[in-house]
Amino acid sequence: MTKELILQKLKEIIKPYSQNPQALDTINEKTDFINDLKINSANLVDVFLDAEEAFEIELDNSSLEKIANIHDAVDVIALKIEKKNLLLALH
């Protein structure tokens, strides 16, 4: 899955939680979840739970600590998908 597809899917996941539709329309790698999209910390947990389900991955605490903006989220999700696919290929 390309990073562009991850970003598109992530945008759909974020949509119901964002309090700033303008930031959602102009989302880019530097978009911040809290400051730009106005997603509160409780809803941010829901975003990542939904992302885990949508991408069929597990986001552990060390991964979540690395996520500050959209770029970080896409990178972490891409890495988790890559690792999952590698493990599946080995079995």
Side-chain angles (χ1 to χ4, degrees):
M1 180 175 277
T2 66
K3 289 187 176 185
E4 291 80 22
L5 288 174
I6 293 171
L7 178 59
Q8 288 175 358
K9 201 169 189 178
L10 189 58
K11 185 176 175 180
E12 289 304 311
I13 293 167
I14 292 168
K15 194 174 190 173
Y17 300 104
S18 176
Q19 300 299 312
N20 185 350
Q22 289 175 324
L24 192 61
D25 290 340
T26 60
I27 200 167
N28 62 55
E29 291 188 337
K30 293 181 180 176
T31 302
D32 183 276
F33 287 98
I34 295 171
N35 296 324
D36 297 324
L37 296 170
K38 307 296 184 210
I39 299 174
N40 67 38
S41 57
N43 284 339
L44 197 53
V45 171
D46 292 330
V47 167
F48 294 127
L49 289 172
D50 290 352
E52 285 182 323
E53 186 177 328
F55 294 105
E56 298 177 356
I57 58 170
E58 185 177 324
L59 297 169
D60 52 33
N61 286 340
S62 64
S63 297
L64 292 173
E65 289 171 359
K66 298 175 186 173
I67 301 174
N69 57 32
I70 295 298
H71 177 265
D72 298 338
V74 170
D75 278 354
V76 167
I77 291 168
L79 184 63
K80 291 290 183 176
I81 291 171
E82 187 178 311
K83 283 183 179 180
K84 179 185 81 169
N85 290 340
L86 182 60
L87 286 174
L88 290 173
L90 293 173
H91 286 95

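Scope of the values below: all heavy atoms of this structure, side chains included, with no hydrogens, waters or symmetry mates. Heads up: numbering here begins at 1 and tracks the sequence.
- Rounding to the nearest 0.5 angstrom, the gap separating the CD atom in Glu65 from the CG atom in Leu59 is 12.5 Å.
- Residues Leu10 and Val45 are members of separate hydrophobic clusters, defined by side-chain heavy-atom contacts under 4.5 angstrom among Ile, Leu, Val, Met, Phe, Trp and Tyr.
- Lys38 and Gln19 make their closest contact through O-CG, 3.2 Å (heavy atoms, listed as atom of the first residue, atom of the second, distance).
- Taking 4.5 Å as the limit, some side-chain heavy atom of Ile81 sits within range of a side-chain heavy atom of Ile57.
- Taking the side chain as every heavy atom from C-beta outward, Val47 and Ile13 approach each other to under 4.5 Å.
- Here the shortest heavy-atom pairing between Val76 and Ser63 reads CG1-CB, 3.8 Å.
- Counting only heavy atoms from C-beta outward, the side chains of Ile14 and Phe33 approach each other to under 4.5 Å.
- Pairs engaging residues 71-91 under the salt bridge (Lys or Arg N to Asp or Glu O under 4.0 Å) rule: Lys3-Asp75, Glu56-Lys84, Asp60-Lys80 [sequence neighbours left out].
- With rounding to the nearest 0.5 angstrom, the CG atom of Leu37 is 12.0 Å from the CG atom of Asn43.
- Lys9 contributes atom NZ, which lies 9.5 Å from atom CD1 of Ile77 (distance to the nearest 0.5 angstrom).
- Side chain of Ser18 to backbone of Lys15: no donor-acceptor contact under 3.5 angstrom is found.
- Under a hydrophobic clustering in which Ile, Leu, Val, Met, Phe, Trp and Tyr are joined whenever their side-chain heavy atoms come within less than 4.5 Å, directly or via other members, Leu64 and Leu49 fall into different clusters.
- Leu90 contributes atom CG, which lies 11.0 Å from atom CG of Asn85 (distance to the nearest 0.5 angstrom).
- Taking all atoms of both residues into account, the shortest heavy-atom contact from Asn28 to Ile70 is O-CB, 3.3 Å.
- Between the side chain of Asn69 and the backbone N or O of Lys30 there is no donor-acceptor pair closer than 3.5 Å.
- Here the straight-line distance linking atom CG of Leu24 with atom CG of Asp36 works out to 11.5 Å at 0.5 Å rounding.
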